[in-house]
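Below is one structure, written out as structure tokens, with a few remarks after it.
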2 protein chains.
Amino acid sequence: MRDSNASEGERVPRSDEADNAPTAELPAVTDRNGPARTGRAAPGVDPNRVRAIPEAAVARLAVYLRVLSAMAEHGAVTVSSEELSSASGVNSAKLRKDLSYVGSYGTRGVGYEVDVLTAEIERVLGLTRKQKVAVVGIGNLGHALANYGGFPGRGFPVEALFDVDADLVGVPVGGMPVSHIDDIPKVCAQRGIAIGVIATPPAAAQSVCDRLVQGGVQCILNFAPVVLRTPPHVEVRKVDLAIELQILSFHVARKTEQRTRRRVPAARASSNGEVV
Amino acid sequence: MRDSNASEGERVPRSDEADNAPTAELPAVTDRNGPARTGRAAPGVDPNRVRAIPEAAVARLAVYLRVLSAMAEHGAVTVSSEELSSASGVNSAKLRKDLSYVGSYGTRGVGYEVDVLTAEIERVLGLTRKQKVAVVGIGNLGHALANYGGFPGRGFPVEALFDVDADLVGVPVGGMPVSHIDDIPKVCAQRGIAIGVIATPPAAAQSVCDRLVQGGVQCILNFAPVVLRTPPHVEVRKVDLAIELQILSFHVARKTEQRTRRRVPAARASSNGEVV
DNA sequence: TAGCGCTTGTGAACGCGTGCACAAAATCCG
DNA sequence: CGGATTTTGTGCACGCGTTCACAAGCGCTA
């Protein structure tokens with residue numbers, strides 16, 4: 001009954017794939033061929049123990065990381081799964097299972113050392129090596145992203161900004177000059193940018209996406225409300241404000257509907273149970 | 001192997017709940033008590049056919065809606081599940097199942113009428129009644145949201161803007177004057193605002209959230225990187241840029257790792273594992 | 001050192017979502 | 001008018017993710 005961004009954000013389908021969208025709420029679109037696991041999904045066991053971590057677990061690990069960092073600032077040295085889980089809004093069983101994907105770094109009867117756990121999660125998420133980010137489309141949203149600067153707890157360095165608007169090119173935004181989108185492939189390749197963020201109008205998104213791919217970007221975070229087509233090796237995540245609102249709208253409608261229905265005598269409170 | 005924003009955005013856990021996070025990719029967190037279904041999850045059948053639509057399906061329906069609207073503009077009158085699904089990036093079986101939650105509005109051997117399908121999906125998503133939206137925190141992101149104006153395909157009317165900054169109060173942004181956050185409860189109640197969008201710094205998010213709830217808001221879209229505590233009847237969805245980037249970072253690391261491992265013969269670094 | 005209590009880590013079961021495959025239905029064509 | 005073709009709608013089975021529940025392990029205390 002409640003669970004929204006299934007798995008946060010949404011998985012964006014590939015043109016070359018026949019399946020799709022996610023759950024875990026989220027976010028909301030998932031797809032895959034093999035198991036949903038992230039590691040090697042080969043039928044046989046994974047030899048190198050890359051450990052197949054469920055996508056949903058990865059998202060939660062990122063949440064734990066932030067909570068842990070807040071706790072560390074408060075001077076906490078150890079945490080129990082109970083404390084960490086309630087602060088993160090998940091149940092403790094799930095939290096422990098998530099942490100088990102990372103490894104066994106807890107002490108039974110005691111809990112986890114905050115700094116050890118933090119380091120291990122960062123290791124698994126690949127945060128030890130900062131991934132360079134490029135933002136394309138310097139409108140309101142692009143500005144917000146460019147200035148996001150230190151993303152909470154360690155930042156992803158924004159190494160390049162792009163826009164079509166000639167008047168913007170050369171202008172520094174958040175301490176970084178804007179380049180023209182025609183230079184995307186060149187600049188991205190030169191600077192070794194791994195992640196591209198698309199904050200352009202929908203019409204421009206696909207062509208920008210193509211250029212980013214051309215520039216060797218491995219992952220794309222797409223804020224434009226379109227379904228991007230990318231080669232299979234490029235990971236795409238989508239954040240869609242309109243869809244988020246529509247999902248909420250659905251919930252509002254549902255609640256209103258239930259309330260209305262309740263008012264009507266007919267009732268039948270039995271099955272429906274919760275009154276909300 | 002690929003599927004990110006599980007179910008889009010993420011479900012935000014409740015303080016009073018013991019469970020949690022979502023799927024369906026994007027952002028990522030889900031939780032619930034009963035079945036993940038959205039309708040009444042009572043054991044018995046749902047008498048009033050509120051039809052329990054999976055959260056992930058709701059998110060996809062919103063995507064179909066946008067694709068349909070684009071097709072309508074191109075003059076399409078009917079669509080087959082195959083066309084619509086490939087344009088939406090899902091497989092046709094899933095699409096048909098999703099549409100079956102809405103009802104049976106297709107014609108076998110022919111397909112779906114674009115306008116009929118559009119109308120029915122809008123009905124199910126509750127888009128026939130426009131939900132009023134308030135945006136809190138008029139920084140870069142808030143500006144972007146306030147100007148988002150016509151969200152692609154029908155807009156959610158932004159009926160109020162709020163900020164703490166006294167210099168901003170009264171200033172029109174996107175054609176609407178900014179009010180002070182202290183007035184949130186009053187204004188929201190007066191204007192019957194159903195959805196609140198939080199685009200404030202993390203530190204202010206919880207208190208803003210409390211005021212929104214106080215003002216009678218039913219759903220909250222949270223862009224601040226914090227876990228909000230809300231009463232059970234308030235639906236919260238979260239969009240977390242930092243987490244999105246971290247998830248992508250994880251994928252980048254994984255790919256790099258695989259590439260590296262393939263190159264190195266010895267391999268099997270045992271414990272420390274990944275080379276990063 | 002032995003016992004007790006607390007917390008981790010995980011095996012197993014449940015449930016939801018996904019994908020397959022086919023029957024039902026409607027149109028088209030001969 | 002009957003058969004071939006196309007496409008919907010769905011029953012069923014598989015699989016992942018969540019949850020439960022408990023054994024294992026560690027520290028503290030007597």
Side-chain angles (χ1 to χ4, degrees), chain A residues 1 3 6-7 11 17-26 28-38 41 43 52-60 78-85 90-113 117, chain B residues 1 3 6-7 11 13 17-25 28-38 41 43 52-60 78-85 90-113 117:
Chain A
M1 180 185 252
D3 101 295
S7 282
R11 188 53 220 332
E17 300 183 337
D19 48 337
N20 51 8
T23 16
E25 319 164 9
L26 89 247
V29 172
T30 307
D31 71 318
R32 97 186 71 29
N33 300 329
R37 303 292 164 120
T38 304
I53 305 182
E55 185 84 13
V58 172
R60 286 191 298 267
T78 61
V79 241
S80 67
S81 62
E82 199 59 54
E83 294 168 322
L84 185 53
S85 67
V90 304
N91 72 38
S92 61
K94 189 185 291 185
L95 177 130
R96 287 199 300 277
K97 179 136 291 191
D98 287 343
L99 294 186
S100 77
Y101 292 123
V102 176
S104 294
Y105 301 101
T107 306
R108 297 173 190 233
V110 180
Y112 304 86
E113 272 185 69
L117 195 54
Chain B
M1 179 188 246
D3 107 289
S7 282
R11 188 51 218 334
E17 300 184 335
D19 47 337
N20 51 9
T23 16
E25 342 90 52
V29 173
T30 306
D31 73 319
R32 98 184 70 30
N33 301 330
R37 302 293 165 119
T38 305
I53 306 183
E55 186 82 13
V58 172
R60 286 190 298 267
T78 61
V79 241
S80 67
S81 62
E82 199 58 55
E83 293 169 324
L84 185 52
S85 66
V90 304
N91 72 36
S92 61
K94 189 185 291 182
L95 176 131
R96 286 197 301 274
K97 181 143 291 189
D98 288 342
L99 294 186
S100 76
Y101 292 124
V102 176
S104 294
Y105 300 101
T107 304
R108 297 175 189 230
V110 179
Y112 304 86
E113 270 185 70
L117 194 54

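Because the structure is a prediction, the values reported are computed rather than measured. Residue numbers start from 1 in every chain, and the chains themselves are labelled A, B, ... in the order their sequence lines are given, proteins ahead of strands.
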For nucleotides 28-30 of chain D, list the nitrogen or oxygen atoms of the protein found under 3.5 Å from its nitrogen or oxygen atoms, one pair per line.
none

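Rounded to an integer number of Å, the gap from CD of B:E83 to P of D:dT6 is 14 Å. Per the geometry, CD belonging to B:E55 stands 17 Å off C1' belonging to C:dT18, to the nearest Å. Taking atom NZ of A:K94 as the reference point, atom P of D:dC20 lies 10 Å away to the nearest angstrom. One interatomic measurement links the two molecules: CG of A:L95 to P of C:dT7, which rounds to 14 Å at whole-angstrom precision. Distance CD1 (B:I53) to P (C:dT18): 13 Å, rounded to an integer number of Å. When the C1' atom of D:dT5 is taken as reference, atom CD of B:E82 falls 16 Å away, rounded to whole Å. Rounded to whole angstrom, the span from the CG atom of A:L99 across to the C1' atom of C:dT10 amounts to 13 Å. Here D:dT10 presents its P atom at 11 Å from OH of B:Y101, a figure rounded to the nearest Å.
By the side-chain hydrogen bond (donor to acceptor under 3.5 Å, both in side chains) test, B:S81 is found to be paired with B:R96, residues two or more places apart in sequence or in another chain being considered.
Looking only at side-chain heavy atoms (C-beta outward), B:T78 and B:T107 stay at 4.5 Å or farther from each other. Counting heavy atoms from C-beta outward, A:L99 and A:Y112 have side chains that approach closer than 4.5 Å.
If you check distances only, the side chain of B:K97 does reach the base of C:dG19 with a donor-acceptor pair under 3.5 Å.
Within the structure, a side-chain polar atom (N or O) of A:S81 is placed less than 4.0 Å from OP1 or OP2 of C:dT8. Considering only side-chain N and O atoms, B:Y112 lies under 4.0 angstrom from the phosphate OP1 or OP2 of D:dG9.
Distance check, rounded to the nearest 0.5 Å: CZ of B:R60 to NZ of B:K97 gives 11.0 Å.
A:A57 and A:D98 get closest at one heavy-atom pair: CB-OD1, 3.4 Å. In terms of heavy-atom proximity, B:E83 sits nearest to B:S80 at OE1-N, 2.9 Å.
The B:R60 side chain lies nearest to C:dT18 when the options are C:dT18, D:dT8, D:dG17.
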remark   = Given protein heavy atoms under 4.0 Å, the one-letter contact record of nucleotides 22-30 of chain C, with B base, S sugar-phosphate only and - none, is simply -BBBSS---
